[in-house]
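One structure below.
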Amino acid sequence: MKDIGEYNHKKVEIKHSKEWVEKGLYSIEKVKRENKFSVVIPPPNVTGSLHMGHALNVTLQDIVCRWQRMMGKDVVWVPGFDHAGIATQYVVDRQLQNMGKSRLELGREEFLKKVWEWVPVSRSSIKEQLEKIGVSVDWKRERFTLDEGFSRAVRYAFRKLYEDGLIYRGEYIVNWCPYDLTALSDLEVEHEEEEGKLYYIKYPFEDGSGYITVATTRPETMLGDTAVAVNPKDERYKGLLSKRLILPLVNWGRKTLKGQYVGNIIPLIADESVLSEFGTGAVKVTPAHDPNDFEMGKRHNLPFVEVMDEFARMNENAGPYSGLSRYEARKSIVENLEKLGLLEKVEGYRHAVGKCYRCKTVIEPRVSTQWFAKVSDERIKGEAIRVVSEGKVRFIPEGWKKVYLQWMENLKDWCISRQIWWGHRIPVWYCKDCGNENVFTDDDFERPYDKLIFNLIADGRIGYEFLPEELEKVLKEPSFVHPELSVLDLYKKFAFDKYHSMQVDANSLRLFFAQDMNPMAIITEKKNIYRYNRESKSYKFVLRCKKCGSENLQQEKDVLDTWFSSSLWPFAVFGWPERTKSLESLYPTDILITGFDIIFFWVARMVMMGTYFMKDIPFGDVYVHALVRDEKGQKMSKTKGNVIDPLDIIEKYGADALRFTLSILTQQGRDIKLSEKRFEGYKHFANKLWNAGRFILLNLDGDLLQSLPYGAPPKTEDLWILTKLNKTVYRVKEALSNYEFSDACRAIYEFVWSEFCDWYLEMSKLRLYAKPREEGEETRIKQERITAQATLLSVFDRILKLLHPFMPYITEELWKTLPTSYTESISIQEYPKHNPQEVYPEHEEKVERLKGIISAIRSLRSDLRIEPSKRIKLYYRADESEKLVEEFRDHILSLSRLEELTRVEERQASAISGYFRDFEFFIPLEEGIKVDELLTSYRKRYEEVLRSLENIDKKLSNENFLKRAPEEEVEKAKAIKEELTHERDKTAMLIKSLESVKTSAVNS
RNA sequence: GGGCGAUUAGCUCAGAGGAAGAGCGCCAUCCUCACACGAUGGAGGUCGGAGGUUCAAGUCCUCCAUCGCCCACCA
């Protein structure tokens, strides 16, 4: 007997989200491999806060994790964040610009400090959001793609790939963003259709014998042309191939990338790649500013002339155009060509323009020296294709498998270097003396101190020259991801996976350095690593070229593509490259849940790196969910102003409503269109559940558990609800096993609302509120009440558990109020299992029939406009339902609000009748009843029945149907026919009686 | 240029061979002792179009239309 009051989602949710984290409920140290269920979160970027897509993503993961946990698995869900190279740099750069500063004037080191100031801001805001959503991650295992251990893992990965010949450096044409000033991978370029122009330009022959017209969308690149190409089979140009052309406008010397000068006389060459059908069949060749032309330039050994700088401004090779932007230059060049009569024509032309995915600046293809991962190599690509095509890695929905495989088959090498500052600096040190590329990792050093110091230097935490005090300070600082640990502790825990009894105070460091510099050490072959500077009293960490021993080394300035580190995520979070216990017991992970937008960026690369480094898949299942759109189906974006912020929704409707809405809307392979209305709807569901709980608790006897043995045997409706419950449990299990989140939600929703609340709770009131009518009934009533309460409690307990993965907060809160709760959280209770012993088909059928009868009575009442509160007299006739009506007389009386229920032999003259199957009932006619509407509706129904009958007759008179359809189908059709015939007669009779009522009403 | 997905009630979507479903919205009656974030009842669909397979087609096949997405170096 307790009242939990009204549902207040804020009160409920604040209470538990902190509590779950503090109790460390979702933290498991030691995991049994055979019972593990591991998941790594797609780490959110530290660029701001979470949007609805993240909310969907983590909700689905949390549902799976909570479910598996309740199914008894040792669930480890690793959270973390992505440093998100360009994206984060871009965000911080923007902030600086708003303050009137630029990153270029700030310089690398100062800029990085600013980024490090920003990162924790974003991280803690995201972390708070995740906690509010209720994710059951293990925060003790949190990682950051740029934390100390991760950086070390990245260097290991780089080195291994480099030494295996799978990473190389070379001069190629790459996608260059003139705003972010970096190279981009092909994936980071977005192609957008644009209305452009196609310019036809005349290139005169050197000998004055006319000209060739070329077509181009980018006239400004002509300044870098070093040939014109045609298809060798093109008849139009066959005789001209020995001729040379004058490059218009250019009357200055141009310097090639190799430093030679070229003039304005260019050859006409033949190349297979030229399409005769396009334009004039002749194409200008600009090897330094077009990927096709680059290849052609290589094939024909053409000079490479660069005419733009890193900002996409025309450079000194552009003569008088130098200093102009590409678009200014285009305009000016077109004007000048026109003046010279060399512009033949200009056509409108729709074509795709490549843009930077981050800042939307038009990409400029540019020749530069970059690092590439040779992912096209069979050793990487082959395995990554195999594991997916063989089904070891399974995509859900399946359609993505094809998308993945197609992309993989056409894989080109991956440009992994970025000319930005924020990220993992490429661990290569160039020898200025012999030119060797030295890749260092801490493997190159033996003693723990050396390894530690090398890593700190490589990460830019300290300089090559440092004071011991400085070192001590850095090591004692709280680490970024785990402020409860010092940097040194973090290394011990997440990087080295061993406990080193290292002292970190300045004095013991000095002692160590002194040992290193011991004269005895100098005598030996080995050169010492540290060098003392008397003046500054600092120590220098000396790196030497592995080939020539020179100390004249310089580290690569470029950083790695952010996806390079993300691709290591599924094993690096567990401590790779060390063979940690976590790695052994938790890799491969069981499922990856992510959006389809990063299948290539991330999923594919994790498969490549996972299979390469771990010799095993990174995850078994990949569940690919849709993207969240606004109600019109448009992408949510800040500029459009159509963003629905998860935090606002949590505030207004609660995290439970947010989660339930997102998961019920998650259909495989479909975008999710969201409007705020949806959240409101499922908030109502939470409210309904709450009130059901409130009702049950209000009616529970305090000593219920003790009096259970004295309960009466269960009634039909008890067995019915148990049957329905078990069917629901089964449906949910099936749905979740197949990642059908929507089905699972709907099954629970329907059961809770339409069966449990609408019918069972109402029926239970008969026993709960029963008053003795005659003497000696008290005991029976008490016993029956116990059974009703026990059933309510037992079913509700299971409802809460069933629903917990979807709505963790409200279920936790309600469950704790139940007398049956005994552990600290519902989330570590066992998930309800389907129990075939609790399925009673005959009782189910009985109650379903009862529901039909009650609904039919209610329907007629409503049609007759009888007020809901009015109790009426009802007469009935029944055949097979007779016994049922007797058994449930009280239910019918109460649920259809009757005063009397009387059995009669004959239908009554002045009464309106209704029926449900064989159950026919009569409501005595009263004055003021409008029969017209009723008549219309019955007549309509009659027509419908006739039509259906016609169809079924046609079916049954079809010989082929009788011959070929399965027997049960024929039987079913016959049964339907019988029922329809019955209904036709009943309806006809009703109409007749209504008509007579109408005339008699008119007569009177 | 390839590929994928969508098209079912006013809106958002289930249904994947055997009598067209849900939620929201709408209409009517009710503030009935868990819940008006509610109860009860009701209206509303030739399942984008055209062919075909089948005894039987929202459901399988072919073509078409419209919308959306992804991939692709045609200047």
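Labels below follow one simple rule: chain letters A, B, ... track the order of the sequence lines, proteins then strands, and each chain is numbered from 1. Only heavy atoms go into these numbers, but all of them, side chains included; no hydrogens, no water, no symmetry mates.
A:Leu761 comes within 4.0 angstrom of a nucleotide base, judged by non-hydrogen atoms across all strands. Looking at heavy-atom distances under 4.0 Å, A:Lys673 makes contact with sugar-phosphate atoms alone, never a base. Residue A:Lys412 is in sugar-phosphate contact alone, with no base atom involved, counting any heavy-atom pair closer than 4.0 Å across all strands shown. Across all strands, A:Phe600 comes closer than 4.0 Å only to sugar-phosphate atoms, never to a base (heavy-atom distances). Residue contacts for A:Tyr653: at a heavy-atom cut-off of 4.0 Å it reaches no nucleic acid atom on any strand shown. Residue contacts for A:Pro365: at a heavy-atom cut-off of 4.0 Å it reaches no nucleic acid atom on any strand shown. The residue A:Gln667 sits close only to the backbone: its heavy atoms come under 4.0 Å of sugar-phosphate atoms, none of a base. Base engagement by A:Glu762 is indicated by at least one non-hydrogen atom pair under 4.0 Å involving a base atom. Within the 4.0 angstrom heavy-atom criterion, no nucleotide atom of any strand lies near A:Lys954. At a threshold of 4.0 angstrom between heavy atoms, the contacts of A:Tyr769 are confined to the sugar-phosphate backbone, with no base atom among them. Within 4.0 Å of A:Thr216, counting heavy atoms only, lie sugar-phosphate atoms of the nucleic acid but no base atom.
Partners of A:Asp743 under the side-chain hydrogen bond (donor to acceptor under 3.5 Å, both in side chains) rule, at least two apart in sequence or in another chain, are A:Arg746. Evaluation of the salt bridge (Lys or Arg N to Asp or Glu O under 4.0 Å) rule for A:Arg299 yields A:Asp271 as partners, not counting sequence neighbours. Annotation: salt bridge (Lys or Arg N to Asp or Glu O under 4.0 Å) contacts of A:Glu979 (sequence neighbours excluded): none. In this view, A:Glu750 and A:Arg731 satisfy the salt bridge (Lys or Arg N to Asp or Glu O under 4.0 Å) rule, not counting sequence neighbours. With sequence neighbours excluded, the residues that form a side-chain hydrogen bond (donor to acceptor under 3.5 Å, both in side chains) with A:Glu193 are A:Arg350. The salt bridge (Lys or Arg N to Asp or Glu O under 4.0 Å) search around A:Glu190 returns A:Lys360, not counting sequence neighbours. Under the ring-ring contact (aromatic ring centres under 6.0 Å, His included) criterion, A:Phe294 pairs with A:Phe304, not counting sequence neighbours.
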Pairing pattern in dot-bracket form [Watson-Crick, G-U; both distances under 3.5 Å; | = partner strand] for RNA chain B | ((((((((.[[[[.)..(..]]]].(((((.......))))).....[[[[[..)....]]]]])))))))....

Hey, what are the protein-to-nucleotides 67-69 of chain B N/O distances that come in under 3.5 Å?
none

For nucleotides 19-28 of chain B, which of its nitrogen or oxygen atoms have a protein nitrogen or oxygen under 3.5 Å away, and what is each distance?
none

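Remark: aromatic rings of A:Phe741 and A:Phe806 are distant, center separation not under 6.0 Å.
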How would nucleotides 3-8 of chain B be written as a contact map, 5' to 3', with B for base contact, S for sugar-phosphate-only contact and - for no contact, using protein heavy atoms under 4.0 Å?
-> SSSSS-

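Looking only at atom types and distance, the side chain of A:Ser675 has no donor-acceptor partner in the side chain of A:Lys673 under 3.5 Å away.
When each of A:Trp407 and A:Ala692 is assigned the nucleotide of RNA chain B bearing its nearest heavy atom, the one mapping closer to the 5' terminus is A:Ala692.
Contact check, A:Ser855 against B:U40: no side-chain N or O comes under 4.0 Å of OP1 or OP2. Look at A:Lys765 and you'll find a side-chain N or O under 4.0 angstrom from OP1 or OP2 of B:A34. Phosphate contact (OP1/OP2 of B:U12, side-chain N/O of A:Ser675, threshold under 4.0 Å): absent. For B:A75, neither phosphate oxygen OP1 nor OP2 lies less than 4.0 angstrom from any side-chain nitrogen or oxygen of A:Tyr200.
The aromatic rings of A:Tyr349 and A:His351 lie parallel to each other, their planes meeting at an angle below 30°, with 60° marking the opposite boundary. Ring geometry, A:Tyr653 versus A:Phe679: the interplanar angle falls under 30°, so the pair is classed parallel (tilted spans 30 to 60°). The aromatic rings of A:His982 and A:Tyr915 stand perpendicular to each other, their planes meeting at an angle above 60°, with 30° marking the opposite boundary.
Comparing the same atom, C1', in B:A43 and in B:G48 gives a spacing of 25 Å after rounding to whole Å. Rounded to whole Å, the C1' atom of B:U29 lies 14 Å from the corresponding atom of B:A36. When the P atom is used for both B:U7 and B:A75, the distance is 34 Å, rounded to whole Å. Using C1' as the reference atom, B:U54 and B:C26 are 40 Å apart when rounded to the nearest Å. For the C1' atom pair drawn from B:G42 and B:A57, the interatomic distance equals 31 Å after rounding to whole Å. Here, B:C60 and B:C67 have their P atoms 24 Å apart, quoted to the whole Å. For the P atoms, the distance from B:C13 to B:U8 is 9 Å, rounded to whole Å.
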Side chains of residues 397-406 of chain A: which donor-acceptor partners sit under 3.5 Å, not counting sequence neighbours?
residue  : atom : partner  : partner atom : Å
A:Lys401 : NZ   : A:Ser389 : O            : 3.4
A:Tyr404 : OH   : A:Ala384 : O            : 2.9

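Per the geometry, CD1 belonging to A:Ile696 stands 14 Å off P belonging to B:C35, to the nearest Å.
Comparing B:C37, B:A75, B:A39 by their nearest atom to the side chain of A:Lys688 picks out B:A39. Distances from the side chain of A:Asp758 to the nucleotides B:U40, B:A72, B:A34 place B:U40 closest.
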